[in-house]
Amino acid sequence: MTSRRIAIVGAGQSGLLLGLGLRANGYDVTIVADKRAEEVRSGPLLSSQLVFGPAIALERQLGVHFWPGDVAAVTEISFTAAVAPGAPEPAIAWSAGLAAPAQGVDQRLKVAAWMTEYTRRGGEIRYQKATLDDIEGFAREFDLVVVAAGRGPQFERLFPRDDALSPYRQAQRFVAALQMRVPDDDPIPASLRFSQSPAGEVGIIPALTVEGRALGMGLFAVPGGPMDVWDGVSDTEQHFELVRKLLRDQFPWRAEIIERAEPLSSLRGRITPTVRHPVGTLPSGAKVLALGDTAVTNDPLAGQGANLAAYAARSYASVILEQGDRAFDEGFMRASFARFWTVGRYATRFSNDLLAPPAAHMPALFQTAQVVPEVARRFVGVFENPATYTEWATDGTAAMRYLEEARARARG
Ligand SMILES: Cc1cc2nc3c(=O)[nH]c(=O)nc-3n(C[C@H](O)[C@H](O)[C@H](O)COP(=O)(O)OP(=O)(O)OC[C@H]3O[C@@H](n4cnc5c(N)ncnc54)[C@H](O)[C@@H]3O)c2cc1C
């Protein structure tokens, strides 16, 4: 048991997992939430989140993995790529299994259930949309203030962009997430079906949403390309019709799955990938620490955000525990982010690289994956464990050498 008091601003993926982790270790935790659980549950779509094995393992460890059999587990990634926009067939197609099942549970369900569970376990929630002044107040009242208020410019003066770690000044995709109901007799394959073309990408997963079993789809349009045609789309019906058209035009081999679907909810926008200086200085001089998207916002294309938020929550919880009764000072905050960044930087690089025009060795990597299962498995492994995104995938010379060795192994 400890007498240390910790405030977390934001009851989302990272804030709640950190709060639950600290409660489990006897900390006195206060989460500041701008919405009640029921408002979140009945509110707008938040993400299309697919969560991989390591994040699910954390949920299990904290006793908040509440949906184990309620949605088909995603056990593999099925990858297709077209070389030109509008190609009728993919030039590359392969599938590879994940090391552990992934799952697509609507974040609205998760956040609402976790808020309730956190309160049941003795955690306090204060309902308010925290301002900078409020955060000043928390810094006086608590031993540590963690800001986990999601992406966006809200606290950008407190946590300025880190130019050295943020290669993009603008959003690199228009992001369009959609959830659909499919007839009960339509099978939803247990895979993340990920397709790319020079026009953009689409990812399709089985999902559990507030309306029940569903199909989740994220569509990512390259700015100025043939899929970047979202001006004037303002509701889910229009969104659904446009997705149908874009799938038929750009990914016809993926279009059939939604022919019998009905739209449920949608979300559209552009996200500028940004890494921020994670230690904020308040006007009083007090320091606060950023967590999750507030510290590192990636484009959702690589599906890393919620996974990284879970990882960050676990990492911060362990550093807080190790700190014992010592002060949560600036040095502690810098060390907390540095520990998280040992993994976070790989997820961030992977996310940013997927947004860029493919490096010269990537076509060879994807072609080899088609005939050498080891290569496909290794690439799929990056989604669940981004720290494996190293030279074999990022450096042209190392990648070509690895592919040659993998081909030789496959030949026996
Ligand atoms: C379209 C889309 C698809 C995505 N798909 C995936 C995916 O497949 N896989 C994946 O891993 N990630 C995905 N993500 C990313 C993922 O949703 C985020 O990275 C993740 O939710 C970040 O968690 P967080 O705790 O930092 O922020 P959030 O989950 O956004 O939580 C922040 C919370 O803080 C609250 N808040 C904000 N301001 C205040 C304030 N001033 N006072 C009090 N409370 C406040 C917000 O209401 C919210 O509840 C996707 C995102 C989008 C937009």
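First listed ligand is number 1; within each ligand, the first listed atom is number 1.
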Peer 1: Taking the six-membered ring of Tyr127 as reference, does the NZ or CZ atom of Arg36 fall below 6.0 Å from its centre and within a 45° cone about the axis?
Peer 2: yes
Peer 1: Looking only at distances, can you tell me whether any N or O atom of Leu291, backbone or side chain, sits closer than 3.5 Å to an N or O atom of ligand 1?
Peer 2: no
Peer 1: May I ask you to identify the nearest protein heavy atom to atom 26 (O) of ligand 1, giving residue, atom name and distance to one decimal place in Å?
Peer 2: Asp293 N, 2.7 Å
Peer 1: Honestly, is Arg276 close enough over Phe155, meaning NZ or CZ under 6.0 Å from the six-membered ring centre and within 45° of the axis?
Peer 2: no
Peer 1: Could you tell me whether the side chain of Asp228 and the main chain of Gly224 form a donor-acceptor pair under 3.5 Å?
Peer 2: yes
Peer 1: Any idea which protein heavy atom is nearest atom 53 (C) of ligand 1, and the distance to it?
Peer 2: Arg151 NH2, 3.5 Å
Peer 1: Examine ligand 1 and decide if any of its atoms is less than 4.0 Å from a heavy atom belonging to Ser48.
Peer 2: yes
Peer 1: I'd like to know if the side chain of Tyr316 reaches the main chain of Ala290, judged simply by a donor and an acceptor atom lying under 3.5 Å from each other, with no hydrogens or angles considered.
Peer 2: yes
Peer 1: Any sub-3.5 Å donor-acceptor pair from Gln179's side-chain atoms to Gly216's backbone N or O?
Peer 2: no
Peer 1: Any side-chain to backbone donor/acceptor pair from Gln304 onto Phe383? Under 3.5 Å, distance only.
Peer 2: yes
Peer 1: Going by the closest heavy atom to atom 11 (O) of ligand 1, which one wins out of Ala306, Ala312, Ala295?
Peer 2: Ala306
Peer 1: Determine whether the side chain, the backbone, both or neither of Ala149 has a heavy atom under 4.0 Å from any heavy atom of ligand 1.
Peer 2: both
Peer 1: Does Asp186 come within less than 4.0 Å of Arg213, counting only side-chain N to carboxylate O?
Peer 2: no
Peer 1: How does Gln128 reach ligand 1, by side chain, by backbone, by both or by neither, if only non-hydrogen atoms under 4.0 Å count?
Peer 2: backbone
Peer 1: What residue and heavy atom of the protein are closest to atom 51 (C) of ligand 1, and at what distance?
Peer 2: Ser47 CB, 3.5 Å
Peer 1: Before signing off on this row, confirm whether Thr294 and ligand 1 have an N or O atom pair separated by under 3.5 Å.
Peer 2: no
Peer 1: How far is atom 27 (O) of ligand 1 from its nearest protein heavy atom, and which residue and atom is that?
Peer 2: Gly150 CA, 3.5 Å
Peer 1: What protein heavy atom sits nearest atom 29 (O) of ligand 1, and how far away is it?
Peer 2: Gln13 N, 3.3 Å
Peer 1: Between Tyr168 (side chain only) and Asn352 (backbone N and O only), is there a donor and an acceptor less than 3.5 Å apart?
Peer 2: yes
Peer 1: Does a salt bridge link Arg377 with Glu374, judged by any charged N lying under 4.0 Å from a carboxylate O?
Peer 2: no
Peer 1: Please determine if Gly292 has a nitrogen or oxygen closer than 3.5 Å to a nitrogen or oxygen of ligand 1.
Peer 2: no
Peer 1: Considering both backbone and side-chain atoms of Leu50, is one of its nitrogen or oxygen atoms within less than 3.5 Å of a nitrogen or oxygen in ligand 1?
Peer 2: yes
Peer 1: Within a distance under 4.0 Å of any heavy atom of Ala177, pick out the atoms of ligand 1 and give their elements.
Peer 2: 1 (C)
Peer 1: Any N or O of Gln107 that comes nearer than 3.5 Å to an N or O of ligand 1?
Peer 2: yes
Peer 1: For ligand 1, is any non-hydrogen atom under 4.0 Å from Val175's backbone (N, CA, C, O), its side chain (CB onward), both, or neither?
Peer 2: side chain
Peer 1: Numbering the atoms of ligand 1 from 1, which are under 4.0 Å from a heavy atom of Lys35?
Peer 2: 47 (O)
Peer 1: Show the numbers, then the answer: is there a ring pair (Phe, Tyr, Trp, His ring centres under 6.0 Å) between Phe328 and Phe332?
Peer 2: CA-CA 6 Å; Phe328 295 123; Phe332 157 81; 4.9 Å; yes
Peer 1: Between Trp67 and Trp114, how do the two ring planes meet: parallel, tilted or perpendicular, split at 30° and 60°?
Peer 2: tilted
Peer 1: Look at atom 34 (O) of ligand 1 and say which protein heavy atom is nearest, naming residue and atom and giving the distance to 0.1 Å.
Peer 2: Gly10 CA, 3.3 Å
Peer 1: Can you confirm whether some protein heavy atom lies under 4.0 Å from atom 6 (C) of ligand 1, or whether none does?
Peer 2: yes
Peer 1: With a 4.0 Å heavy-atom cut-off (strictly under), which part of Ala55 contacts ligand 1: side chain, backbone, both or neither?
Peer 2: neither
Peer 1: A cation-pi test, strictly: NZ or CZ of Arg270 under 6.0 Å from the centre of the six-membered ring of Phe174 and no more than 45 degrees from its axis. Yes or no?
Peer 2: no
Peer 1: With heavy atoms under 4.0 Å as the rule, classify the contact between Leu267 and ligand 1 as side chain, backbone, both or neither.
Peer 2: side chain
Peer 1: For a quick test of reading the model, state the closest non-hydrogen atom pair linking Ser48 to Ile205 and the distance between them.
Peer 2: O-CD1, 3.6 Å
Peer 1: At under 4.0 Å between heavy atoms, which part of Gln154 makes contact with ligand 1: side chain, backbone, both or neither?
Peer 2: side chain
Peer 1: Of the side chain and backbone of Ala148, name the one, both, or neither that has a heavy atom under 4.0 Å from an atom of ligand 1.
Peer 2: backbone
Peer 1: Please evaluate residues Arg326 and Asp143 with respect to the criterion salt bridge (charged side-chain N to carboxylate O under 4.0 Å, His left out), reporting the C-alpha separation (whole Å), side-chain torsions for both, the decisive distance (0.1 Å), and the verdict.
Peer 2: CA-CA 10 Å; Arg326 281 169 292 158; Asp143 296 299; over 6 Å; no
Peer 1: What residue and heavy atom of the protein are closest to atom 42 (N) of ligand 1, and at what distance?
Peer 2: Ala130 N, 2.9 Å
Peer 1: Taking the side chain from Glu330 and the backbone from Lys287, do they hold a donor-acceptor pair closer than 3.5 Å?
Peer 2: no
Peer 1: Compare Leu17, Asp34, Val32 and give the one whose heavy atom is closest to atom 35 (C) of ligand 1.
Peer 2: Asp34
Peer 1: Mind telling me whether Phe379 and Phe366 have parallel, tilted or perpendicular rings, with 30° and 60° as the class edges?
Peer 2: perpendicular
Peer 1: Going by the closest heavy atom to atom 24 (P) of ligand 1, which one wins out of Ser14, Gly218, Gly12?
Peer 2: Ser14
Peer 1: Report the nearest protein non-hydrogen atom to atom 49 (O) of ligand 1: residue, atom name, distance rounded to 0.1 Å.
Peer 2: Ala11 O, 3.4 Å
